Amino acid sequence: MAKIIFTKAIPNLPSPNQTVQRKLNLYGLNVDGFDECATIPYEIEFTRNGKNVSNEFEKRGKPMQWRNSDFVYQRDLETFQPISNPEYENALLANQLSPTIPNPNYIDLEKTPLEPETIPNPSYVTDEQLAAIDHFKTAPAFDYFVGLFTAYPELFWDFLGRYIDENYGDGWFGTQGRR
């Protein structure tokens, strides 16, 4: 039997199995610096009234994996909240500017007196450009994961537990019945 290196309770399954408790058991931490990939193999243990009923459910979902081709939110290590992206804040302010500004070099009083020519505002950001900028700072997933692990090994498991808490509800951790 494989040795569990970390365990984390996650909320019960939704109806009709809401009495089924779940626990995520991690069996390894595989970090491959050559391929820049980190993988954590896991299984979910299901219990009902203190009895293991894991054979009634899919015990594994898609693997927890981090690659540099994926981006993750950078987190405040104390609160686990995503860190605001100052570029988004600046773009949000620029989005509220006028798309055009008076041309300061325009002088043609004969042609259009008192109506200066306008030029595109270089600080203006369109809604589409704003939508392309994330609200929060992001980082390549593998580099961020390995950086946290090496810089803050004492916080790593807490950080991982918070990550699991945040992501259990999106279908990541095998909530399906056995097929």
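If you're wondering where the values come from, they're calculated on a predicted model, not measured in any experiment. Counting from 1, the numbers follow the sequence of the chain as shown.
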Looking at every heavy atom in both I4 and F6, which two are closest together, and how far apart are they?
CG2-O, 3.4 Å
Between N85 and D134, is any side-chain donor less than 3.5 angstrom from a side-chain acceptor?
no
For the residue pair T100 and N121, confirm or rule out a side-chain donor-acceptor distance under 3.5 Å.
no
Parallel, tilted or perpendicular: which fits the ring planes of F156 and F149, with parallel below 30° and perpendicular above 60°?
perpendicular
Evaluate the side-chain proximity of K137 to R75: yes if any heavy-atom separation is below 4.5 Å, no if none is.
no
With a 3.5 Å cut-off and no angle check, do the side chains of E43 and N25 form a donor-acceptor pair?
no
Could you work out, with salt bridge (charged side-chain N to carboxylate O under 4.0 Å, His left out) as the rule, every residue matching D158, not counting sequence neighbours?
R162
Quick check: are there more than 12 heavy atoms from other residues, nucleotides or ligands sitting under 6.0 Å from CD of E78?
no
Of F159, Y73, Y163, the one forming a ring-ring contact (aromatic ring centres under 6.0 Å, His included) with F80 is F159
With hydrophobic residues grouped by side-chain heavy-atom distances under 4.5 Å, do Y152 and V31 end up in a single group?
yes
Side-chain donor-acceptor pair under 3.5 Å between Q65 and T39, yes or no?
yes
Grouping I, L, V, M, F, W and Y whenever their side-chain heavy atoms are under 4.5 Å apart, do L97 and Y88 come out in a common cluster?
no
Exercise: identify the closest heavy-atom pair between F142 and G33
CZ-CA, 4.1 Å
Does the side chain of D76 come under 3.5 Å of the side chain of Q81 through a donor N or O and an acceptor N or O?
no
Looking only at heavy atoms, which two atoms of N68 and P140 are closest? And how far apart?
OD1-CB, 3.1 Å
More than 12 heavy atoms from other groups under 6.0 Å of CD on E87:
no
Under the criterion side-chain contact (heavy atoms from CB on, under 4.5 Å), which of I164, L26, I5 is the partner of I40?
L26
